[in-house]
There are 2 protein chains.
Amino acid sequence: MKIIIYEDDYKLRQSLSLLIDGTKGYSVIGDFPNCENIEKEVKTLQPDVILMDIDMPVVNGIEGVEKVKAHFPDIKILMHTVFDDNDKLFACLKAGADGYLLKKTPPVKLLEALQDIYTGGAPMSPGIARRVLSTFHQLNSAKNKYGLTKREKEILLLLTEGYTYKAISAECHISMDTVSTHLRNIYNKLHVNCGTEAVAKAIRERLV
Amino acid sequence: MKIIIYEDDYKLRQSLSLLIDGTKGYSVIGDFPNCENIEKEVKTLQPDVILMDIDMPVVNGIEGVEKVKAHFPDIKILMHTVFDDNDKLFACLKAGADGYLLKKTPPVKLLEALQDIYTGGAPMSPGIARRVLSTFHQLNSAKNKYGLTKREKEILLLLTEGYTYKAISAECHISMDTVSTHLRNIYNKLHVNCGTEAVAKAIRERLV
DNA sequence: TGAAAAATCACAGAAAACTGTGATTTCGTG
DNA sequence: CACGAAATCACAGTTTTCTGTGATTTTTCA
């Protein structure tokens with residue numbers, strides 16, 4: 001397994017390099033203090049895995065991830081950082097990071113994580129994984145917090161699909177005035193003033 | 001750590017129970033073939049962790065998760081299943097599962113996962129974790145596949161927030177006709193016919 | 001610096017959406 | 001069965017949105 005390390009702290013970079021390169025099966029083929037020339041470095045060295053800090057001068061880790069993933073989506077990137085706030089975390093995940101470890105992770109776990117990511121896993125520190133999963137949780141909950149009726153949901157759904165009042169009336173076999181009434185009630189229940197706002201709210205809060 | 005097992009296969013249930021209960025620090029306080037009376041069982045036994053199969057007769061694991069999490073959100077639930085398709089996976093996560101292991105997981109890893117979930121982690125089989133992370137990936141990509149200009153994105157954003165043409169014209173210090181023109185171009189680029197449809201597409205595809 | 005892209009404005013008619021007010025019918029449940 | 005919630009319809013007036021057509025100015029970039 002060929003590894004590159006990006007880490008601005010010189011001593012830490014050396015320690016990591018020693019630890020990893022000194023373990024059988026792992027080979028550190030490069031280490032750098034920031035992502036300024038990451039494209040060239042990756043292209044030249046062709047690593048399997050990149051161990052990536054976030055907070056680095058000049059070009060930070062998140063930009064680094066974007067650059068690498070744009071050209072080499074198969075190279076795995078393991079974030080290694082002190083940040084455990086949601087903003088940084090999800091920015092990394094969106095950029096395409098394949099794993100996310102906090103720096104307090106013990107060396108043994110770090111080596112395991114490298115192995116894991118190399119073989120198709122997605123290692124995360126415990127709290128991080130929990131945070132990621134919890135983004136899925138509420139998706140279902142509070143499903144009907146606005147008290148929409150069955151018919152109202154049906155009509156709101158059609159509205160989100162671009163149906164006009166007339167088209168809805170045809171689809172539901174009711175008069176346009178009835179559609180109008182339903183939508184009026186929907187707008188009141190959602191506390192919005194027009195169709196576009198209702199659609200936005202419906203999709204954002206997954207009401208449909 | 002007090003554990004309940006839900007698993008319809010009698011022999012597997014016995015094996016799991018023996019394995020886990022026979023390990024120091026783990027205590028299996030109940031095992032059942034389905035989730036029919038899960039609320040009562042959980043209330044009576046007060047487990048720390050539930051090991052949950054999905055495909056069970058009468059009341060399946062996903063419904064089980066929903067029932068437990070509705071009343072006891074702090075009890076951790078580790079899914080243990082042969083299914084590795086996205087539908088089942090995300091259904092479980094939305095229901096509130098805290099971890100997801102495939103049945104091919106070796107016993108040692110299963111015990112580790114129980115420990116992990118108990119201490120606030122979210123253990124997942126390698127491929128599963130990868131699948132979960134990849135849902136975040138594309139969120140950024142194809143950002144501008146419709147070729148919207150800066151101004152167009154700005155106006156589309158306002159539209160999704162419920163601004164009328166008039167309000168947009170005020171906000172952007174341009175005439176209503178210009179707003180009209182911009183939106184006309186936006187609708188063309190997005191291949192939609194009206195504002196609501198554009199808003200729906202913009203939010204669904206995260207253009208704004 | 002010259003062509004293309006982006007942003008701006010104008011006018012006008014047609015279509016659609018929104019609001020107010022009021023009423024009837026259907027349906028499920030205590 | 002009675003009651004309330006849900007669903008239905010009607011009418012009318014106002015506002016907003018959409019479409020067609022055409023044009024000018026500003027910016028960007030090869």
Side-chain angles (χ1 to χ4, degrees), chain A residues 39 67 70 142-208, chain B residues 70 140-208:
Chain A
E39 281 133 321
K67 290 183 180 194
K143 190 88 183 182
N144 210 8
K145 69 171 153 176
Y146 297 104
L148 295 183
T149 69
K150 194 176 164 189
R151 193 59 151 173
E152 285 166 354
K153 276 187 230 170
E154 196 182 332
I155 287 171
L156 182 54
L157 174 64
L158 291 174
L159 195 71
T160 64
E161 287 169 358
Y163 281 61
T164 65
Y165 283 35
K166 195 193 287 183
I168 294 173
S169 95
E171 180 71 22
C172 296
H173 310 295
I174 54 180
S175 82
M176 252 185 70
D177 279 315
T178 304
V179 174
S180 216
T181 304
H182 280 306
L183 282 168
R184 185 202 324 254
N185 293 333
I186 291 169
Y187 299 161
N188 282 331
K189 287 183 180 179
L190 299 189
H191 309 298
V192 299
N193 299 304
C194 65
T196 51
E197 219 181 332
V199 165
K201 196 157 192 167
I203 296 177
R204 288 217 173 90
E205 305 191 14
R206 295 185 172 73
L207 306 177
V208 292
Chain B
N140 261 346
S141 75
K143 189 85 183 184
N144 211 7
K145 67 171 152 177
Y146 298 104
L148 295 183
T149 69
K150 193 176 166 188
R151 193 58 151 173
E152 285 165 353
K153 278 187 229 168
E154 196 182 334
I155 287 171
L156 182 53
L157 175 63
L158 292 174
L159 194 72
T160 64
E161 286 169 358
Y163 282 61
T164 64
Y165 284 33
K166 196 193 286 183
I168 294 173
S169 94
E171 180 71 24
C172 295
H173 311 294
I174 55 181
S175 82
M176 251 186 69
D177 281 314
T178 303
V179 174
S180 217
T181 303
H182 280 307
L183 282 167
R184 185 200 323 250
N185 293 333
I186 291 170
Y187 298 161
N188 282 330
K189 287 183 180 179
L190 299 189
H191 308 299
V192 299
N193 300 304
C194 66
T196 51
E197 219 182 334
V199 165
K201 196 156 191 166
I203 296 177
R204 288 218 173 89
E205 305 191 13
R206 296 188 171 73
L207 305 176
V208 293

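The chains referred to below are lettered A, B, ... by the order of the sequence lines, with proteins before strands, and numbering in each begins at 1.
Comparing B:K189 and A:T196 against DNA chain C, the residue whose closest nucleotide sits nearer the 5' end is B:K189.
B:T164 comes within 4.0 angstrom of the backbone, heavy atoms only, and of no base. Nucleic acid contact class of B:T178 (heavy atoms, under 4.0 Å, all strands): base.
Looking at residues two or more places apart in sequence or on another chain, you find a side chain to side chain contact (heavy atoms under 4.5 Å, CB included) between A:D177 and A:S175.
Taking both residues in full, the closest heavy atoms of B:L190 and B:L156 are given as CD1-CD2, 4.3 Å, listed atom of the first, atom of the second, then distance. The two residues A:T160 and A:A202 come nearest to each other via the heavy atoms CG2-CB, 4.3 Å.
In this structure, B:Y163 places its OH atom 19 Å from C1' of D:dT15, rounding to the nearest Å.
Across the helix from C:dT1-D:dA30 to C:dG30-D:dC1, the helix axis at one end is tilted relative to the axis at the other end by 70° (nearest 10 degrees, each axis from five pairs).
A donor and an acceptor atom, one from each side chain of B:E197 and A:Y163, are nowhere located under 3.5 Å apart.
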Let me have a per-nucleotide readout for nucleotides 19-30 of chain D, 5' to 3', with B, S or -, counting only protein heavy atoms under 4.0 Å. BBB---------

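At C:dA15, none of the side-chain N or O atoms of A:K166 fall inside 4.0 Å of OP1 or OP2 (strictly under the cut-off). Between B:H182 and C:dA7 there is no side-chain polar atom (N or O) within less than 4.0 angstrom of OP1 or OP2.
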